[in-house]
Protein chains: 2
Amino acid sequence: MTVTLADVAARAQVSPATVSRVLNGNYPVAASTRERVLKAVDELDYVLNGPASALAAATSDLVGILVNDIADPFFGIMAGAVQSEIGGPGGRAGGERLAVVCNTGGTPERELTYLTLLQRQRAAAVVLTGGAMEDAAHQAAVAAKLRKLTEAGTRVVLCGRPPAPQTGAIALTFDNRGGGRELTEHLIGLGHRRIGYIAGPEERTTTRHRLEGHRAALAAHGIEEDPRWAVHGRYDRQSGYEATLELLRRDPTLTAVVAANDTVALGACAALRDSGLRIPEDVSVAGFDDLPFSIDAVPALTTVRLPLAEAGARAGRIAMGREEAPIGGIATVRGELMVRGSSGGPRV
Amino acid sequence: MTVTLADVAARAQVSPATVSRVLNGNYPVAASTRERVLKAVDELDYVLNGPASALAAATSDLVGILVNDIADPFFGIMAGAVQSEIGGPGGRAGGERLAVVCNTGGTPERELTYLTLLQRQRAAAVVLTGGAMEDAAHQAAVAAKLRKLTEAGTRVVLCGRPPAPQTGAIALTFDNRGGGRELTEHLIGLGHRRIGYIAGPEERTTTRHRLEGHRAALAAHGIEEDPRWAVHGRYDRQSGYEATLELLRRDPTLTAVVAANDTVALGACAALRDSGLRIPEDVSVAGFDDLPFSIDAVPALTTVRLPLAEAGARAGRIAMGREEAPIGGIATVRGELMVRGSSGGPRV
DNA sequence: CGCGGTACAGCAAGCGCTTTCTATGCGGTA
DNA sequence: TACCGCATAGAAAGCGCTTGCTGTACCGCG
């Protein structure tokens, strides 16, 4: 039925061992033999049995990439960058690796299940992207899982996620707090004092850090935050739209709105326009991430650029052992303030 | 070192066979025995060895999803939908499947390599998304690969791709031609006669079909197309920007520009604005796909909505054998014209 | 009381590959 | 010429799991 190593061996008149060695290329094989084997492989159209090989060699060429939402470019960009570095087809590395992109939907259970599934597949490495859940029980469970993975020799890299101490995981953390602070300071510098904030889901680290940065900026400038100025929502456009209307209802005198990310900011812009407000003349808007479409918003979005592709690529290289891990296993990746048309001085 | 089935068996005082059966649940096991086994599994923190199990059972729980560009929401949305249906964690199906999202970058070699890699892993199913390359040699190679896969029992589904006859693959094809035609007819109906077209890469089926639809509309209305009105580019924003400038240079009297997709349309909008032209008063713009951000463009983009999530979900169900394949193995998925602010009557 | 049937549980043979250890042949050196 | 070592190929023992087949109780029934 299906052709096996043994078939190839028979055809090439060598032992299965020799065929295996030709295919893996980590043992001396005479050139003439090698050619004979390769010819047989070609003629029989032989394809290695991955599971069998993984079992025998106790290694696998699978690399897991966990993302919260694969339809969101924020994750897509990182995942693509990781994949380009792990040496899949077209990658730079030697062996061919299969990237397994897992969509957790941001739910703890699926995150754990995928981690187990990857552990079951004996994945060579795992990259977790995006913010973590703040639920203590879940964090402990994930940490335990990560520890198991690293102990079993799987390299674990966190990309855009807070460090997971005692797990052996390498962390490339985004400086969400610093970026958030810089962004709000920019608005304050423009003269804004009444600034609304549309935060992401409460239980996410990313949400909390960005909000903390925002508040730090307010505090640093002696601005007391009105509790009405902050709303929590999801990381999507509709949430931004609704939250903005809510914000406007609570305090129509706001002169600026900071969104949890660019997608939310787009929703905010739509809500403002639909409310008859001009951007930035009446209300300034700012986002976070600098996703590709942000520059095409009208006016172009002021935001904090996160080097998603670079971070993802680095995470991929570290996962493959092709780049040294940062000292202490933790590196902070900074964002860059991008001032564009959506922010301006407040109306007088 | 690592705990195996045998360890669990020993601890539960049963044979390995019994443990396996408890875990797979496809053979009667007394409730008391089952509990003892599960307790042992829990206590030992046992995780099944995927490769070993796949080898022994000659099946795998991997499902491959090929996309051209994972950072592009067009593919991300489809991939996410497929994944939600294949019964991974959170999915509806029973067994837990691992979705393997492979980023081909739109290159033939990587597409083939990934297909081989999936074949090697004995994937349970493979879903190919997005347009195909029109290179004859490559198409033949892919067709051969697909045939091998289906022959080996792997279900193959094409989502948003032309059918691959004689391969056993099920095709869910987007009606790009019909959508393109409808879109251009809308513009013609508004009074436009001088319409520029920014096509995608030449060798893609998607590109060709959309362009054919456009031309069919022109022909149907007796409009002779000026060769200067069409430019080819990539499916990205920058390409749209540059192509639009080129179009404007070639014929400044154009009253409308149709883009290969929404992303390209966004670039076109930017180029028009930077050229001092108003949308749609001076030039109308239209896109294709109706990606989430299209409604947030200013003015909102007139486009053809493709039911990406629905198609992806259906592809996933078919791949899992949970939905019957369409008769003849081919189904056409139609787009829906979305008329929004970016298109209006031509300037007089 | 004996027998067929049912409901479990175990044995053991692989699944297709990798890899250690062992064999063989040959050239070079003393 | 005899011996040693190197280069290369093969034999065979698993890797950890699944599953067909073979027990072995125990039940109910005639």
Side-chain angles (χ1 to χ4, degrees), chain A residues 1-38 40-41 44-62 95-96 117 119-124 152-153, chain B residues 1-38 40-41 44-62 95-96 117 119-124 152-153:
Chain A
M1 186 59 225
T2 63
V3 16
T4 71
L5 236 211
D7 299 330
V8 175
R11 174 149 197 138
Q13 317 240 56
V14 297
S15 73
T18 301
V19 178
S20 170
R21 300 204 258 244
V22 167
L23 263 24
N24 292 296
N26 46 18
Y27 193 86
V29 174
S32 62
T33 313
R34 177 197 320 286
E35 262 176 48
R36 209 142 33 87
V37 169
L38 291 178
V41 165
L44 295 178
D45 223 350
Y46 171 69
V47 175
L48 189 69
N49 182 316
S53 143
L55 172 59
T59 63
S60 122
D61 46 10
L62 252 47
E96 276 163 355
L117 238 31
Q119 182 185 4
R120 170 179 303 185
Q121 297 296 336
R122 307 298 189 250
Chain B
M1 187 59 226
T2 64
V3 16
T4 73
L5 237 210
D7 298 332
V8 175
R11 173 145 197 144
Q13 317 240 53
V14 296
S15 73
T18 301
V19 177
S20 170
R21 300 205 257 245
V22 167
L23 261 26
N24 292 296
N26 47 17
Y27 194 88
V29 174
S32 63
T33 313
R34 178 198 319 285
E35 261 177 49
R36 208 145 31 92
V37 170
L38 291 178
V41 165
L44 294 177
D45 224 348
Y46 170 68
V47 175
L48 190 69
N49 182 316
S53 145
L55 172 59
T59 63
S60 121
D61 46 10
L62 252 47
E96 275 163 357
L117 237 32
Q119 183 184 4
R120 170 179 302 184
Q121 297 295 336
R122 306 298 189 253

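All chains are named by letter (A, B, ...) in the order of the sequence lines, taking the proteins before the strands, and each is independently numbered beginning at 1.
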| Would you say Y27(B) and T18(B) make side-chain contact, with heavy atoms under 4.5 Å? | no
| said: Output the rounded distance in Å from CD (Q121(B)) to P (dC15(C)). | reply: 20 Å
| request: Report the C-alpha distance between V22(A) and T33(A) in whole Å, list the side-chain angles of each, state the deciding distance to 0.1 Å, and finish with yes or no for side chain to side chain contact (heavy atoms under 4.5 Å, CB included). | output: CA-CA 9 Å; V22(A) 167; T33(A) 313; 5.5 Å; no
| Phosphate OP1/OP2 of dA9(D) contacted by S15(A) side-chain N/O (<4.0 Å) | no
| message | Does dG16(D) have its OP1 or OP2 closer than 4.0 Å to a side-chain nitrogen or oxygen of T4(B)? | response | no
| query | Can you tell me how far P of dG16(C) sits from CG of L55(B), to the nearest Å? | reply | 7 Å
| query | Counting only side-chain N and O atoms of T18(B), is one of them less than 4.0 Å from OP1 or OP2 of dG10(C)? | reply | yes
| request: Please work out if A30(B) contacts a base, only the sugar-phosphate, or nothing of the nucleic acid, heavy-atom cut-off 4.0 Å. | output: sugar-phosphate
| said: Given the structure, check if the side chain of R21(B) and the base of dG20(D) hold any donor-acceptor pair shorter than 3.5 Å. | reply: yes
| said: With nearest nucleotide decided by heavy atoms, which residue, A54(A) or V29(B), maps closer to the 5′ end of DNA chain C? | reply: V29(B)
| query | Counting any heavy atom closer than 4.0 Å, what does A17(A) reach on the DNA or RNA strands: base, sugar-phosphate only, or nothing? | reply | base
| query | Going by heavy atoms in the side chains, are Q121(A) and D61(B) under 4.5 Å from each other? | reply | yes
| said: Is there a side chain to side chain contact (heavy atoms under 4.5 Å, CB included) between R120(B) and L117(B)? Walk through the geometry before answering. | reply: CA-CA 5 Å; R120(B) 170 179 302 184; L117(B) 237 32; 4.1 Å; yes
| CG of L23(A) versus P of dT19(C): gap in Å, rounded? | 13 Å
| field | Nearest-nucleotide pick for A57(A), side chain only, options being dC17(D), dT18(C), dC8(C) | value | dT18(C)
| message | By nearest atom, which of the nucleotides dC17(C), dA9(C), dT19(C) is closest to the N26(A) side chain? | response | dT19(C)
| said: Whole angstroms only, please: what is the CG-P distance between L48(A) and dC15(C)? | reply: 16 Å
| Whole-Å distance separating the CG atom of D61(B) from the P atom of dT18(D) | 11 Å
| query | Closest to the A56(B) side chain: dC17(D), dC17(C), dT18(C)? | reply | dC17(D)
| message | Given the structure, check if the side chain of Y27(A) and the base of dA7(D) hold any donor-acceptor pair shorter than 3.5 Å. | response | no
| Protein-nucleotide distance (R36(A), atom CZ; dG10(D), atom C1'), rounded to Å | 13 Å
| said: Tell me the interatomic distance from R122(B), atom CZ, to dC15(C), atom P, rounded to whole angstroms. | reply: 14 Å
| Atom of A9(B), atom of V19(B) and distance for their closest heavy-atom approach | CA-CG2, 3.6 Å
| task | Take the protein atom CZ of R34(B) and the nucleotide atom P of dA7(C), then report the distance between them rounded to whole Å. | result | 14 Å
| N or O in side chain of S20(A) less than 4.0 angstrom from dT18(C) OP1/OP2 | yes
| said: Is the phosphate of dC15(C) approached by N49(A) (side-chain N or O, under 4.0 Å from OP1 or OP2)? | reply: no
| request: Provide the closest heavy-atom pair for P51(B) versus L55(A) in the form atom of the first, atom of the second, distance. | output: CB-N, 4.0 Å
| said: Please confirm whether the shortest side-chain N or O distance from T33(B) to OP1 or OP2 of dC8(C) is below 4.0 Å. | reply: no
